[in-house]
Amino acid sequence: MKKRERSTLPRVQSPGQGIVYPAPSLDGLLTLFVPSALNNLAISAPIPTDISGIITLLFSLSALRDWLKLIVIGGFFETCRRIVLGGYSKMISAYKKSRDVHISTNTYGAESSSITLDGEDNHSSLFKSFRKLSYLPSLSVKYSLWYKGRYLTNVLFISGKGFPIAKVQAVALYTSILTRDRNILVQLLQQARTNYIAAQEHHMLFNGWKHVASRAKRSITSIILDPGVKEMLLKDARVFLVSKSWYSERGIPFRRGYLLWGAPGSGKSSLIHAIAGELGLGIFIISLSKMGLDDSALNDLMNQLPERCIALMKDIDATLVQGLTRERTDVPNPIKPGGHPASPKAGMPAANASTKITLSGLLNALDVCAQEGRILFATTNKYSLLDPALCRPDRMDVHIEFTLASKYQAKELFMKFFGPGKDEPLEKEDDESESGDSNDSGYSSIHDTTICGPKLSSEMLKELAEKFSDAIEPRQVSMAALQGYLMMYKVQPLEAVEHSTQWLQKERTDREAQGKCKVEEQADARATKEQATTEELEKEITQRVEKEVRERMERERFEKELREKIERDMTSKMESLFAERA
Ligand SMILES: Nc1ncnc2c1ncn2[C@@H]1O[C@H](COP(=O)(O)OP(=O)(O)OP(=O)(O)O)[C@@H](O)[C@H]1O
């Protein structure tokens, strides 16, 4: 075919110029650009010039065959072009996406290893103490994946102020699936929820019900209280959770409140976390001293709680501004006539300027919160300051006092602290540890991979624990303080016992000094107050005396004037009388 095409153009050989092709005629052009069938026709028959002739020529059988070839070849090239272009644009968009990756150390939602950067677990112990780096889905970028054989795309939209997520108002995930079966979407959502709940099971939520941090729940065996206390509390909560019908049959609101009060660092919060772990409930913690929290914000937070959960109000006394009165707490103190604000009543806690919660607002929030099977926990160090309305049964059904450490607690703490690790038996197997549950201590063991101390036989451990508890004066130091002391001797149980008496002595001296300081401070405050009162009294007396003097002088002046006037009148009357007589 090519041969024929070439032969149709007459070649002219000019000397010194090589081959020169003359300008093609119409016939020549047609033979070049129309298919070979037409070419054949052009050779065998003259090209028709009228329309009907051209149409007949185009649709003649041999021409159709060539058209078909043209379509197939053209289609092939077009398909190739589309494949190449599609691949190229996908590559480009993947490249753009890979440049548009958000990386964060915050843990949003479930902590999934799938979003953690590769190799994060291989870091040295220095890096392990930091939060892991994680990929976050980019905003407004389409991500595609296969779910149960269906093609699925996801786009994450955030309304609000964008990153950081803390300022975000609403997050929406748009998902589209290429399917006619709606069940697939339902399955996807259910699976997502199941996975989320499973990931949340050992975590808890903080602060304004927002997931700003998460912390692993604690094992109940790691909480050491006097015998029976935690068992009673756990049993009570368990019974409550399965008694919905009992409550409804008797018309009693299905709620339960626990008030844990007492010394700081005695294990109130730890016990609540452990109970949540045992009951498989999420914990929602709110700090009432949070800046700017007012009655309506508190109420909104309570309404956001899920049906089954533990709501924890830490330091419920934190809002105790002037005894947490039934009035608003943001009302400024009245100004005394002397120009100074009235001082708070003696014995009342200092005003917390940031809080705007009233007692009635708090009571209302408690009633909203403690509904439909929710368990409410509240903790306080200042039990005596709480309003009776706050502590009454039906709001706070069970009150438990947490005291400073007893001898029993000190001994158990020592045994847990220096007892064997998770999978490690005691040196002498036949002698059981008194604690009996050392597998789940919740404390770092001296025998774990990083901390190594001497291995103690069970007799030795018990003996040391006895000595340690003997040195402790009951109800003098908190469990947190004891734990802090033992932390100083993580791998030195013998030294821990040896130095315990000395440490306790120091603690006592510090406490006494603190007490003395407090007494001195109180005496100073009293003296200042008395001085202020005396000064005020003196000032008042001076003012009163001055006033009396002023009044007396006024009176004397008035009397003098009156006297003079009378005298003047008398004199003038006398003169006129004498004048008449004369
Ligand atoms: N009874 C206990 N058993 C085991 N550990 C305890 C106990 N009490 C306190 N601790 C330890 O002391 C630390 C502080 O405990 P926690 O925060 O539970 O005290 P708290 O009573 O809630 O204190 P606060 O009233 O100041 O909030 C925790 O690390 C915990 O391990």
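The figures that follow rest on heavy atoms only: side chains count, while hydrogens, waters and symmetry mates do not. Read the numbers this way: they start at 1 and go in the same order the structure lists the ligands and their atoms.
A distance below 6.0 Å separates the ring centres of Phe240 and Tyr247. Close placement of the Tyr383 and His399 rings is indicated, their centers lying within 6.0 Å of each other.
For atom 3 (N) of ligand 1, the candidate residues are Leu404, Ile224, Leu225; the nearest heavy-atom contact is made by Ile224. When the options Ala274, Ala405, Ala480, Gly484 are ranked by their closest heavy atom to atom 14 (C) of ligand 1, first place goes to Ala480.
Checked against ring pair (Phe, Tyr, Trp, His ring centres under 6.0 Å), Tyr408 has no partners two or more places apart in sequence or in another chain.
The OG atom of Ser266 sits 9.5 Å away from the CE atom of Met479 when rounded to the nearest 0.5 Å.
The neighbour count for Glu249 CD, taken as heavy atoms of other residues, nucleotides or ligands under 6.0 Å away, is above 12. Other residues, nucleotides and ligands place more than 12 heavy atoms under 6.0 Å from the NZ atom of Lys407.
Every N/O-N/O distance between Pro264 and ligand 1 stays at or above 3.5 Å.
Close approach of ligand 1 to Ser270 (heavy-atom distance below 4.0 Å) involves ligand atoms 15 (O), 16 (P), 18 (O), 28 (C), 30 (C). Ligand-side atoms of ligand 1 in range of Asn381: 25 (O), range being under 4.0 angstrom from any heavy atom.
Proximity of Ser222 to ligand 1 is established by a heavy-atom distance of less than 4.0 Å. Not a single heavy atom of Thr379 lies less than 4.0 angstrom from ligand 1.
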Report task. Take Ser222 and Lys416 through the test side-chain hydrogen bond (donor to acceptor under 3.5 Å, both in side chains) and record every step on the way to the result. Result -> CA-CA 8 Å; Ser222 73; Lys416 291 252 177 233; over 6 Å; no

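Contacts with ligand 1 closer than 4.0 Å are made by no heavy atom of Leu413, backbone or side chain. Counting heavy atoms closer than 4.0 Å to ligand 1, residue Gln483 contributes side-chain atoms (C-beta onward) but none from N, CA, C or O.
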